[in-house]
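Owing to the predicted nature of the structure, the values given are computational and were not obtained by experimental measurement.
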Amino acid sequence: MRVRFAPSPTGALHIGGARAALYNHLAARGAARRGEPSQFVLRIEDTDRERSTPENVEQILDALQWLGLDWDEGPISQVSHEARHREVVEDLLTRGLAYRTTATADDVRAYKDEHGADKGFRGTDQGEGAIRLHVPEGELVVHDLIRGDTTFQNVHMDDPVIARADGSPLYNLAVAVDDIDAEITHVIHGEDHLSNTPKQLLVYSALGKEPPLFAHLPLLHGPDGKKLSKRHGAASVQELRDAGYLPEAVINYLALLGWGDSDDETILSREELEERFDVGKVTKHPARFDETKLRWLNGKYLRALSVDELTDRLEQHTGRTGLRGAVEISQEKISTFHDFWPLAGFFFDGPKTDDQKARDQWLDDDGRKTLAAARDALGVLDPFSLEAVEQTLRELPATLEVKPKQVFQPVRVALAGTTVSPGIFESAALLGKDETLRRIDAAIASPGT
RNA sequence: GCCGCCAUCGUCUAGGGGACUAGGACGCUGCCCUCUCACGGCGGAAACCGGGGUUCGAAUCCCCGUGGCGGUACCA
């Protein structure tokens with residue numbers, strides 16, 4: 001099996017593109033596991049000279065690497081094959097299968113007004129202008145692994161332009177030729193290409209080649225059911241990375257977005273995905289990209305990481321060091337990298353100052369009295385260990401004849417400046433005796449209302 | 001307009017004529033755990049787009065309708 005991912009470098013790697021890449025990759029690696037020699041080819045579809053830039057290519061390669069989607073061949077620039085494409089075009093011209101015409105899009109429209117909207121444009125050779133392929137009579141059948149056969153009546157198809165007036169090849173010609181030359185066996189790509197496929201079939205048949213197997217993946221939509229785009233938040237792989245997601249979670253989520261097998265497992269390793277994935281079982285309908293489930297999945301993967309591993313990644317993501325202690329006691333409370341700092345930043349930046357409500361509620365007169373008692377009890381501890389802190393604070397409610405919460409929350413607000421934090425004993429132990437006492441003193445000195 | 005694809009809980013899906021009182025997951029929700037928030041555990045509500053067929057029997061097959069989406073470039 002030989003598959004390819006062929007993005008056009010017109011921007012960042014879109015999530016839909018990443019999913020297409022993943023499905024190709026899983027298909028190839030899965031087949032390889034079953035003993036079938038398989039390759040995943042990366043080709044850059046850069047024949048659109050206006051929009052294709054080296055920066056965009058770089059972005060796409062970065063994103064694929066981040067996701068762990070490695071390729072066996074490439075990246076191959078489609079433009080680098082231009083000579084070959086021109087040669088094919090010449091050949092088709094010589095054999096009378098293609099012709100030159102100066103007809104423009106407007107002319108095509110005019111032709112249809114005259115011949116009926118359901119009659120495709122048919123031109124004649126004018127010796128100059130763009131190069132179009134003659135569409136024969138009959139019908140073309142796309143054999144699709146996901147949706148079965150789709151039949152297109154040739155009369156509806158305009159003679160497709162395969163090269164510009166200057167001879168530069170266009171997408172439908174270049175794709176087919178490159179897939180033939182690269183001996184691609186399975187073309188797995190977006191459903192937006194479904195209506196292009198008959199045109200490519202024409203090229204295959206003009207060249208006397210057997211077409212590959214096709215699989216047209218349904219498109220991805222945003223939460224509102226509209227085509228996924230920037231305004232839905234994260235729409236590209238780099239945005240997901242920046243938002244603090246783990247690549248392994250993104251892979252798992254994407255794999256299950258539009259595909260599922262009879263097994264009800266949700267958490268699937270790369271290996272399991274490769275073993276189980278079957279492109280024929282991809283759903284036929286579009287799927288909505290919903291970040292909620294990705295968040296949950298990401299939390300699962302995050303918690304499965306060792307403290308060292310998570311610390312390492314978090315330090316890379318935040319550019320800070322010395323996070324291990326805070327990471328250890330925050331791990332079960334965060335779902336993405338981005339959740340970390342809002343939760344644990346107070347260890348490093350001091351208590352939060354933007355939660356007046358918490359101060360008002362817990363640092364009132366009663367609260368500060370409790371804090372004073374806590375300060376006295378903690379002040380004599382030596383060593384200031386987690387066990388000692390916990391034992392000391394746990395004894396306080398009974399001594400003061402108040403509810404546990406009335407001790408723990410004021411302490412929490414004193415240390416963190418807010419009512420949400422990692423465990424209070426762990427937090428105090430991590431801050432250490434001096435800092436803990438300093439923060440409690442500060443809270444007693446500057447009360448709420 | 002024309003061509004084409006699609007349609008199961010709010011979301012992602014399982015289902016390929018009887019095993020369906022339609023299963024799982026996220027989310028929502030009740031309880032438990034509990035120093036906050038989470039995590040975790042145990043429950044709950046929640047769907048076959050509509051109408052015709054075919055059949056002893058349809059979520060599953062066919063037709064029509066409706067709705068969504070894609071294409072309709074000398075873009076990819």
Side-chain angles (χ1 to χ4, degrees), chain A residues 6-10 45-52 78 101-105 108-109 112 116-120 129-132 142 144 146-147 150-153 155-158 160-168 170-172 174-175 189-196 198 216 218-219 221 223 225-227 253 256-267 281 283-290 292-297 299-300 303 330-335 339 343 358 362 390 393-394 397 403-409 411-413 416 418-427:
Chain A
S8 56
T10 55
E45 223 100 292
D46 51 4
T47 50
D48 182 342
R49 294 160 301 190
E50 309 278 283
R51 295 186 293 169
S52 303
Q78 187 157 59
T101 172
T102 56
T104 62
V108 170
R109 235 169 277 129
K112 287 190 170 182
D118 56 346
K119 291 276 181 281
I131 299 159
R132 288 181 188 262
V142 176
D144 188 288
I146 296 171
R147 56 200 84 229
T150 302
T151 304
F152 293 84
Q153 297 301 324
V155 283
H156 295 134
M157 197 195 303
D158 296 326
V161 180
I162 56 172
R164 300 184 178 92
D166 66 5
S168 59
L170 253 27
Y171 175 73
N172 285 121
V175 169
H189 59 179
E191 192 189 346
D192 49 339
H193 289 290
L194 183 55
S195 44
N196 279 323
H216 291 91
L219 268 17
H221 289 172
K226 302 294 182 192
K227 191 173 167 152
Y253 176 71
L256 261 24
L257 230 204
W259 169 77
D261 67 356
S262 35
D263 191 306
D264 284 327
E265 289 303 315
T266 303
I267 311 286
K281 295 203 70 183
T283 59
K284 298 185 180 78
H285 54 273
R288 298 185 187 199
F289 179 81
D290 177 12
T292 318
K293 192 164 187 174
L294 173 58
R295 272 191 70 84
W296 168 79
L297 207 44
K300 284 278 192 191
R303 271 168 249 124
S330 303
Q331 183 167 21
E332 63 174 18
K333 298 175 188 299
I334 62 175
S335 293
D339 294 342
L343 178 75
W362 296 106
E390 173 159 6
L393 289 179
R394 277 199 193 282
K403 290 180 180 163
K405 189 183 245 185
Q406 288 175 292
V407 172
F408 301 134
Q409 285 301 73
V411 172
R412 189 185 313 282
V413 174
T418 185
T419 53
V420 175
S421 80
I424 201 63
F425 316 127
E426 291 80 0
S427 295

B/S/- contact track for nucleotides 59-68 of chain B, protein heavy atom under 4.0 Å: ----------
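- With sequence neighbours left out, A:Glu426 forms a salt bridge (charged side-chain N to carboxylate O under 4.0 Å, His left out) with no residue at all.
- Under 4.0 Å is where a charged nitrogen must lie from a carboxylate oxygen, and between A:Glu191 and A:Lys284 no such pair does.
- Following rounding to the nearest Å, A:Lys281 (NZ) and B:A14 (P) show an atom-to-atom distance of 7 Å.
- Partners of A:His156 according to the side chain to side chain contact (heavy atoms under 4.5 Å, CB included) rule, which considers only residues two or more places apart in sequence or in another chain, are A:Asp118, A:Gln153.
- B:G67 is paired with B:C6 under the Watson-Crick or G-U wobble criterion, all donor-acceptor distances under 3.5 Å.
- Counting atom types as modelled, A:Lys293 pairs a side-chain N or O with a base atom of B:A25 as donor and acceptor under 3.5 Å.
- Atom CD of A:Gln409 and atom NZ of A:Lys403 lie 13.0 Å apart (nearest 0.5 Å).
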Letter per nucleotide, 5' to 3', of nucleotides 34-47 of chain B [B base touched, S only sugar-phosphate touched, - untouched; heavy atoms, 4.0 Å]: -BBBBSS-------
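- In this structure, the side-chain hydrogen bond (donor to acceptor under 3.5 Å, both in side chains) partners of A:His189, at least two apart in sequence or on a different chain, are A:His216.
- The partner of B:C35 cannot be assigned: no Watson-Crick or G-U wobble pair with both contacts below 3.5 Å exists in any strand.
- The interatomic distance linking A:Leu297 (CG) with B:G24 (C1') rounds to 14 Å, in whole Å.
- Between the P atoms of B:G40 and B:G27, the separation comes to 9 Å (whole Å).
- For the pair A:Leu256 CG and B:U13 P, the computed distance is 9 Å after rounding to whole Å.
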How does each nucleotide of nucleotides 71-76 of chain B score, in 5' to 3' order, for protein heavy atoms under 4.0 Å: base (B), sugar-phosphate only (S), or none (-)? S--BBB
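- Comparing B:G65 with B:C42, their C1' atoms are spaced 46 Å from each other, to the whole Å.
- Nucleotide B:C5 holds its P atom 7 Å from the CZ atom of A:Phe152, rounded to whole Å.
- With P as the reference atom, B:G16 and B:C69 are 30 Å apart, rounded to whole Å.
- Look at the C1' atom in both B:C61 and B:C3: the space between them is 26 Å, to the nearest Å.
- Looking at residues two or more places apart in sequence or on another chain, you find a salt bridge (charged side-chain N to carboxylate O under 4.0 Å, His left out) between A:Glu390 and A:Arg394.
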Assess whether side chain to side chain contact (heavy atoms under 4.5 Å, CB included) is satisfied between A:Arg412 and A:Thr418, documenting all intermediate values. CA-CA 7 Å; A:Arg412 189 185 313 282; A:Thr418 185; over 6 Å; no
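- In this structure, B:A14 makes no Watson-Crick or G-U wobble pair, since no nucleotide meets both defining distances under 3.5 angstrom.
- Separation of the P atoms belonging to B:G23 and B:A14 is 15 Å when rounded to the nearest angstrom.
- Contacts of A:Trp362 classified as ring pair (Phe, Tyr, Trp, His ring centres under 6.0 Å), with partners at least two apart in sequence or in another chain: none.
- With a 3.5 Å ceiling on both atom-pair distances, the Watson-Crick or G-U wobble partner of B:C42 is B:G30.
- Partners of A:Thr101 by side chain to side chain contact (heavy atoms under 4.5 Å, CB included), not counting sequence neighbours, listed by chain and number: A:Tyr99, A:Ala103, A:Gln126, A:Arg132.
- Going from atom CD1 of A:Ile146 over to atom C1' of B:G4 covers 16 Å, rounded to whole Å.
- Look at NZ on A:Lys284: it is 18 Å from P on B:G4, rounded to the nearest Å.
- Comparing the C1' positions of B:U29 and B:C5 gives a spacing of 38 Å, expressed to the nearest Å.
- The separation of B:A59 from B:G68, taken at their P atoms, amounts to 26 Å, rounded to a whole angstrom.
- Looking at residues two or more places apart in sequence or on another chain, you find no ring pair (Phe, Tyr, Trp, His ring centres under 6.0 Å) involving A:Phe152.
- On the P atoms, B:C9 is 27 Å away from B:G4, given to the nearest whole Å.
- Residues A:Gln153 and A:Gly258 each lie close to RNA chain B; by heavy-atom proximity, the contact nearer the 5' end of the strand is made by A:Gln153.
- Rounding to the nearest 0.5 angstrom, the gap separating the OG atom in A:Ser335 from the CG atom in A:Leu294 is 10.0 Å.
- Partners of A:Asp261 according to the side chain to side chain contact (heavy atoms under 4.5 Å, CB included) rule, which considers only residues two or more places apart in sequence or in another chain, are A:Trp259, A:Asp263, A:Arg276, A:Lys281.
- Distances from the side chain of A:Thr292 to the nucleotides B:G27, B:C5, B:C3 place B:G27 closest.
- With both pairing distances under 3.5 Å, B:G1 is matched to B:U72 as a Watson-Crick or G-U wobble pair.
- By the side chain to side chain contact (heavy atoms under 4.5 Å, CB included) test, A:Ala130 pairs with A:Val161, sequence neighbours left out.
- Taking atom CD of residue A:Glu265 and atom C1' of nucleotide B:G23, one finds them 14 Å apart after rounding to whole Å.
- Rounded to whole Å, the distance from NE2 on A:His285 to P on B:C48 is 16 Å.
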